[in-house]
Asker: 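Next up is a structure, given as structure tokens.
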Amino acid sequence: MNMSQFMKQSPYMKAAVSTMVLGLVTHIVSFASPYWLTHETGGNIGLWLNCVDTSCEGITSPPDWLRSAQALEVIGVATGLTALIVLLVTAFKQNYKQQQRKAPHVVMIVLSFLSAVFLQIAIAVIIKSNFTDGNASLSWALSVNILTVVLYGTTGIVLLIDVLHLVFHGESSKGTPTTKF
């Protein structure tokens, strides 16, 4: 990695890296946590585990709504991780020419927004099932996942602003000439 190359990036690119890293960390924390719902009997329900007191068991036969949420969350992790990899390669790549900047930006923007959409649908499925069944209340991991949606969406918006800045101003915020695309 070339830190000097990263320091030459626009403030938008630096902000996008920060929000995407934070988003992926919060996503992994909520993804792995067994605290999505708190059951009225005192147990906790996650995407993968049911826990009562200090004992946890894997969910062997998840209901359809949980299976859907699991699939959407896995897709969200994959798209979020892919967006972060493209973002880091773009931000730290040496000899990076401005005319090559359009394609990675489009990929990062699309993946950031797709990640947010997949997670938002998973959250909606879980909340809908909770209101239908009524046996559990929402817990902290679900709230952390909502924060992840905000962070992924913010990353997409910041990257979109970066692209628009390049297109309309033709130079980076550091004053270096760039090529319009």
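Keep in mind that this is a model prediction, so the values were computed, not measured.
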Asker: Got Leu87 and Leu159 here, is their nearest side-chain heavy-atom distance under 4.5 Å?
Answerer: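 A side-chain contact under 4.5 Å exists here.
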
Asker: For the pair Trp48 (side chain) and Phe31 (backbone), establish whether a donor and an acceptor sit closer than 3.5 Å, ignoring hydrogens and angles.
Answerer: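 Side chain of Trp48 to backbone of Phe31, a donor-acceptor pair under 3.5 Å: yes, one is there.
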
Asker: Can Leu111 be reached from Ile121 by stepping across I, L, V, M, F, W or Y side chains whose heavy atoms are under 4.5 Å apart?
Answerer: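 They do share one cluster, since a chain of ILVMFWY contacts under 4.5 Å joins Ile121 to Leu111.
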
Asker: With distance as the sole test, does Gln70 use its side chain to make a donor-acceptor pair with the main-chain N or O of Leu47 at under 3.5 Å?
Answerer: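 Yes, because the side chain of Gln70 sits within donor-acceptor range (under 3.5 Å) of the backbone of Leu47.
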
Asker: Please find the pair of heavy atoms, one from Gly156 and one from Phe113, that lie closest to each other, and give the distance.
Answerer: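 Heavy-atom minimum between the residues: C-CZ, 3.5 Å.
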
Asker: Could you go through the side chain to side chain contact (heavy atoms under 4.5 Å, CB included) check for Phe118 and Leu72 one step at a time?
Answerer: CA-CA 5 Å; Phe118 287 129; Leu72 289 164; 3.8 Å; yes

Asker: Any non-hydrogen side-chain atom of Ile45 less than 4.5 Å from a side-chain atom of His39?
Answerer: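 Ile45 vs His39: side chains touch.
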
Asker: Over 60° means perpendicular and under 30° means parallel, so tell me whether His27 and Tyr152 are parallel, tilted or perpendicular.
Answerer: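 The rings of His27 and Tyr152 stand perpendicular, inter-plane angle above 60°.
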
Asker: Determine the sole option in Thr82, Leu81, Leu88 for which the side-chain contact (heavy atoms from CB on, under 4.5 Å) test with Ile85 is passed.
Answerer: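 Only one option passes, and that is Leu81.
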
Asker: How close do Trp65 and Ile126 get, counting heavy atoms only, and between which atoms?
Answerer: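 Closest approach of Trp65 to Ile126: CZ3-CG1, 4.0 Å.
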
Asker: Is a side-chain donor-acceptor pair under 3.5 Å present for Thr154 with Thr19?
Answerer: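 No, Thr154 and Thr19 have no side-chain donor paired with an acceptor closer than 3.5 Å.
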
Asker: Not counting sequence neighbours, which residues clear ring pair (Phe, Tyr, Trp, His ring centres under 6.0 Å) with Tyr35? List them please.
Answerer: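 Testing Tyr35 for ring pair (Phe, Tyr, Trp, His ring centres under 6.0 Å), a comparison that skips the adjacent residues, returns Trp140.
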
Asker: Under a single-linkage definition using a 4.5 Å side-chain heavy-atom cutoff for Ile, Leu, Val, Met, Phe, Trp and Tyr, are Leu142 and Leu151 assigned to the same hydrophobic cluster?
Answerer: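 Different clusters: Leu142 never reaches Leu151 through Ile, Leu, Val, Met, Phe, Trp or Tyr contacts under 4.5 Å.
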
Asker: Is the closest side-chain donor-acceptor distance between Thr38 and Ser137 under 3.5 Å?
Answerer: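 Side-chain D/A pair, Thr38 to Ser137: absent.
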
Asker: Taking the side chain from Ser55 and the backbone from Cys51, do they hold a donor-acceptor pair closer than 3.5 Å?
Answerer: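 Looks like no, no N/O pair under 3.5 Å.
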
Asker: Quick check on the hydrophobic clustering: are Leu24 and Val29 connected, directly or via other members, by side-chain heavy-atom contacts under 4.5 Å?
Answerer: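 Leu24 and Val29: separate clusters.
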
Asker: I need the minimum non-hydrogen distance between Thr148 and Gly23, along with the two atoms involved.
Answerer: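 Answer, listing the atom of Thr148 first, then Gly23: CG2-O, 3.3 Å.
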
Asker: Using atom types as modelled and distance alone, determine if a side-chain donor or acceptor of Ser112 lies under 3.5 Å from a backbone N or O of Met108.
Answerer: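 The answer is yes, because a donor-acceptor pair under 3.5 Å joins these two groups.
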
Asker: Distance-only, no hydrogens or angles: does the Ser115 side chain make a donor-acceptor pair with backbone N or O of Gly80 under 3.5 Å?
Answerer: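 Flag set: sc Ser115 to bb Gly80 pair under 3.5 Å.
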
Asker: Decide side chain to side chain contact (heavy atoms under 4.5 Å, CB included) for Ser10 and His165; before the verdict, give the C-alpha distance in whole Å, the side-chain angles of both, and the deciding distance to 0.1 Å.
Answerer: CA-CA 10 Å; Ser10 72; His165 188 268; over 6 Å; no

Asker: What about Leu84 and Leu22, same hydrophobic cluster or not, with Ile/Leu/Val/Met/Phe/Trp/Tyr joined at side-chain heavy-atom distances under 4.5 Å?
Answerer: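 They do not share one cluster, since no chain of ILVMFWY contacts under 4.5 Å joins Leu84 to Leu22.
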
Asker: What's the shortest heavy-atom distance between Val149 and Leu119, and which atoms?
Answerer: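 For Val149 and Leu119, the tightest heavy-atom pair comes out as CG2-CB, 3.6 Å.
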
Asker: Do the side-chain N and O atoms of His105 and Asp162 include a donor-acceptor pair separated by under 3.5 angstrom?
Answerer: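 There is such a pair between these side chains.
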
Asker: Is there a path of hydrophobic side-chain contacts, each under 4.5 Å between heavy atoms of I, L, V, M, F, W or Y residues, that connects Ile59 with Leu37?
Answerer: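 Looking at the clustering, Leu37 is in the same group as Ile59.
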
